[in-house]
Protein chains: 2
Amino acid sequence: MNAASADQPAPRRSKPDVVDAAMSVLAENGIAGLSMRRIADELDVQVSALYWHFPNKQALLAAVSARMVTGESDAESDAPDLTATATALRDRLLAHRDGAEVVSSSLALGLLDLPARQRLVDAALAAGLTDAAAEVAADTLVHYVIGFTFHEQQRVHAAVIGAADASVDLSPARLASPDASPDDDFAAGLALIVSGIRSAAVAGR
Amino acid sequence: MNAASADQPAPRRSKPDVVDAAMSVLAENGIAGLSMRRIADELDVQVSALYWHFPNKQALLAAVSARMVTGESDAESDAPDLTATATALRDRLLAHRDGAEVVSSSLALGLLDLPARQRLVDAALAAGLTDAAAEVAADTLVHYVIGFTFHEQQRVHAAVIGAADASVDLSPARLASPDASPDDDFAAGLALIVSGIRSAAVAGR
DNA sequence: ACCTGAACACCGTTCAAGT
DNA sequence: ACCTGAACACCGTTCAAGT
C-alpha cells in the first residue's frame with residue numbers, strides 16, 4: 001500500500017525527537033516498559049539508530065530527566081522560598097509517570113543538574129544559614145522530596161499490579177490519621193524539615 | 001571425574017539458602033548483576049528451581065531486604081532515640097552493596113516491614129509528638145536516610161563505571177566545605193530534621 | 001516436595017554496511 | 001550525518017516432566 005508509492009525524503013530525527021518519543025513511551029508504559037526498542041518503534045526507526053543520538057540508555061534517561069525538572073517557572077519565582085520550591089519540585093515529578101524514579105537515578109549518577117537545588121540553596125541562604133549549612137539543607141530537602149514522591153509513585157504501580165494486599169497498601173501514617181492525603185503527609189514532613197532549617201539559622205547566628 | 005562416582009543424596013535447598021546465595025551474588029556483582037541465573041549458578045541449580053522457593057524476583061529481593069534491615073540490635077536499644085535509630089539504619093544499608101536501592105524498592109512495593117520505622121515512631125512519641133505527627137516524623141526520617149544513602153551508594157557505582165567526570169563527582173556540598181565526609185553531611189542533615197521534630201513537639205503542646 | 005530441561009518473549013549494545 | 005540489518009550476550013518467567 002505504501003511501500004512503493006512512498007516518495008517521502010526519509011525524515012531524520014533530532015535529539016529532542018528521541019526525547020519526545022521516550023517521554024511518550026514512559027507515559028504509556030511506565031519505566032518498566034521504557035525500552036530502547038519501544039522508543040525506536042515510536043520513532044519508526046531501528047533500535048541501533050538511537051545510539052547515534054545517545055551513547056546509551058542512561059544518557060537518554062538523563063535528557064528525559066532534564067526535561068522533567070527544567071522549565072519556565074525557574075525564572076518566575078522572585079523571592080526564594082523553601083516550601084514553595086520543594087512543593088514545585090514534587091509537582092514536577094508527579095506530573096510524569098515514575099518521574100521520581102527516573103530523576104533519582106539520573107541525579108545519583110551525576111548526569112543531571114537540578115535547578116531546584118540551587119533555588120533551595122538561595123532560599124536557605126536568605127533564611128540566614130551559612131554557605132555549608134545551606135548546601136546541607138538543600139540536599140536534605142531534595143532527598144526528602146524525591147524519596148517521598150518515589151515511594152508514592154511506586155505504590156501506585158504496586159496497587160495496579162496488585163502486588164501489595166489492601167492492609168499493606170495503607171501506609172501506617174494513614175491508620176493514625178485516616179483523612180490525610182499524600183499531599184497532606186508530604187506537606188507535614190516538609191514543614192518538619194523547614195522548621196529544622198529555621199532553627200539552624202537562629203542557632204548559627 | 002565426579003559424574004559417575006557421585007553418591008551424594010542430591011542436596012535440597014531451603015528458602016534461607018536461596019537468600020544466602022542472592023546476598024553473595026549481590027556482594028560480588030551489585031544489584032545490576034543480581035540475576036536469577038547467577039543466583040541459580042551460585043546454588044548449582046537450574047533457574048527454574050528458584051521459582052519453587054519464591055514466586056518471583058521481587059519476592060526474593062524482599063527476603064534479602066528483610067535480612068539487611070532486621071537483626072539482633074533491635075531489642076538492645078533501650079531508650080528510643082531518633083538520631084541513633086536513623087544512624088543505625090544507615091549503617092545497615094551501607095553494610096551491603098546497593099543496600100539502599102534494594103531496600104527502597106521492597107519498601108515502596110509494600111513487601112517489607114522496616115523495624116526501624118516503629119522505633120522511630122516510639123522515639124517521636126517519647127519526644128512529645130502526637131500519634132499522627134510521630135508517624136509523619138518517622139516517614140520523613142526513613143525517606144531521608146534511604147534517599148541519602150541510595151544517592152551515596154549510586155555515586156560509588158558511578159565512580160567505578162567512570163560515568164561521571166571528576167567535577168560532577170564532587171557534590172556541591174563538598175565544594176562549600178571540602179573537609180566534610182558523607183558521614184558528616186548525613187549527620188548534619190539528620191540534625192536538621194531532628195531539630196524540626198523537636199520544634200513540632202513544643203508547638204503541638 | 002523439589003528440581004531439570006527447554007522454551008517464550010523479551011532486553012541493551014555493537015558494528016559493518018548502506019545512503 | 002543518519003540509519004539499517006543482523007548479531008551477541010544476556011534477561012524474568014512458565015511449564016511439562018522427572019524423582
Side-chain angles (χ1 to χ4, degrees), chain A residues 2-3 6-22 25-26 28-64 98 101-102 105-106 109 111 157-158 161-163, chain B residues 2-3 6-22 25-26 28-64 98 101-102 105-106 109 111 157-158 161-163:
Chain A
N2 55 14
D7 240 82
Q8 256 60 326
R12 319 233 102 167
R13 285 90 188 168
S14 64
K15 239 158 124 149
D17 290 338
V18 177
V19 176
D20 283 342
V25 171
L26 179 64
E28 278 169 40
N29 305 93
I31 199 173
L34 182 61
S35 70
M36 297 298 270
R37 275 164 232 263
R38 289 230 250 246
I39 296 166
D41 279 359
E42 184 86 11
L43 284 168
D44 274 315
V45 126
Q46 295 294 115
V47 214
S48 49
L50 300 179
Y51 289 85
W52 189 89
H53 296 281
F54 293 93
N56 51 49
K57 191 184 180 183
Q58 263 304 337
L60 210 187
L61 253 47
V64 169
D98 296 328
E101 186 166 355
V102 173
S105 79
S106 299
L109 290 169
L111 301 173
H157 179 243
I161 298 294
Chain B
N2 52 14
D7 239 82
Q8 255 62 328
R12 321 232 100 166
R13 285 88 187 167
S14 64
K15 241 158 121 150
D17 290 338
V18 177
V19 176
D20 283 342
V25 171
L26 179 65
E28 278 168 39
N29 305 93
I31 198 173
L34 182 61
S35 70
M36 297 298 270
R37 273 164 232 266
R38 289 229 252 244
I39 296 166
D41 280 359
E42 185 84 12
L43 285 167
D44 273 315
V45 128
Q46 294 294 114
V47 214
S48 48
L50 301 178
Y51 288 84
W52 191 89
H53 297 280
F54 292 94
N56 51 51
K57 191 183 180 182
Q58 263 303 336
L60 209 184
L61 253 48
V64 169
D98 295 329
E101 185 166 355
V102 172
S105 79
S106 299
L109 289 170
L111 301 174
H157 178 242
I161 298 295

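Numbers restart at 1 for each chain; the letters A, B, ... are given by sequence-line order, proteins then strands.
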To the nearest 0.5 Å, how far apart are [atom1] in [X] and [atom2] in [Y]?
{"X": "A:N56", "Y": "A:L61", "atom1": "CG", "atom2": "CG", "result": "9.5 Å"}
{"X": "A:L60", "Y": "A:L111", "atom1": "CG", "atom2": "CG", "result": "12.0 Å"}
{"X": "B:R38", "Y": "B:D41", "atom1": "CZ", "atom2": "CG", "result": "9.0 Å"}

| Looking only at atom types and distance, does a side-chain atom of B:D17 sit under 3.5 Å from a main-chain N or O of B:S14, one as donor and one as acceptor? |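 Answer holds: yes.
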
| Side-chain (B:R13) to main-chain (B:V18) donor-acceptor, under 3.5 angstrom |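 Looks like no, no N/O pair under 3.5 Å.
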
Rounded distance in Å - [atom1] ([X]) to [atom2] ([N]):
{"X": "A:N56", "N": "C:dC11", "atom1": "CG", "atom2": "P", "answer": "17 Å"}
{"X": "B:D17", "N": "C:dA1", "atom1": "CG", "atom2": "P", "answer": "18 Å"}
{"X": "A:R12", "N": "C:dT19", "atom1": "CZ", "atom2": "C1'", "answer": "7 Å"}
{"X": "A:I31", "N": "C:dC11", "atom1": "CD1", "atom2": "P", "answer": "14 Å"}
{"X": "B:K57", "N": "C:dC10", "atom1": "NZ", "atom2": "C1'", "answer": "14 Å"}
{"X": "A:N29", "N": "C:dC10", "atom1": "CG", "atom2": "C1'", "answer": "14 Å"}
{"X": "B:Y51", "N": "D:dA16", "atom1": "OH", "atom2": "C1'", "answer": "17 Å"}

| said: Using OP1 and OP2 only, check whether a side-chain N or O of A:R13 sits under 4.0 Å from D:dC3. | reply: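 Yes, A:R13 has a side-chain N/O under 4.0 Å of OP1/OP2 on D:dC3.
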
| query | Can you check whether B:H53 has a side-chain N or O nearer than 4.0 Å to OP1 or OP2 of C:dC3? | reply |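 True: B:H53 side-chain N/O within range (under 4.0 Å) of C:dC3 OP1/OP2.
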
| query | Across all strands, who's sitting opposite C:dT13 as a Watson-Crick or G-U wobble pair, both distances under 3.5 Å? | reply |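 When the pairing criteria are applied, D:dA7 turns out to be the nucleotide that pairs with C:dT13.
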
| said: Under 3.5 Å for both donor-acceptor distances, Watson-Crick or wobble: does D:dA1 have a partner, and if so which one? | reply: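 Answer to the pairing question: C:dT19, which forms a Watson-Crick or G-U pair with D:dA1.
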
| In residues 35-50 of chain B, what residues come within less than 4.0 Å of DNA chain C, judged by heavy atoms? |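 Going residue by residue through residues 35-50 of chain B, the ones with a heavy atom under 4.0 Å of DNA chain C turn out to be B:V45, B:Q46, B:S48, B:A49.
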
| query | Looking only at heavy atoms, what is the nearest atom pair of A:L34 and A:K57, with distance? | reply |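 That closest heavy-atom pairing would be O-NZ, 3.0 Å.
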
| request: Could you measure between the two C1' atoms, the one in C:dC10 and the one in D:dA9, and give it in whole Å? | output: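 Nearest-Å result for C:dC10 against D:dA9 at atom C1': 13 Å.
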
| query | Side chains of B:L43 and B:L50: does their closest heavy-atom pair fall under 4.5 Å? | reply |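 Of all side-chain heavy-atom pairs linking B:L50 with B:L43, at least one is under 4.5 Å.
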
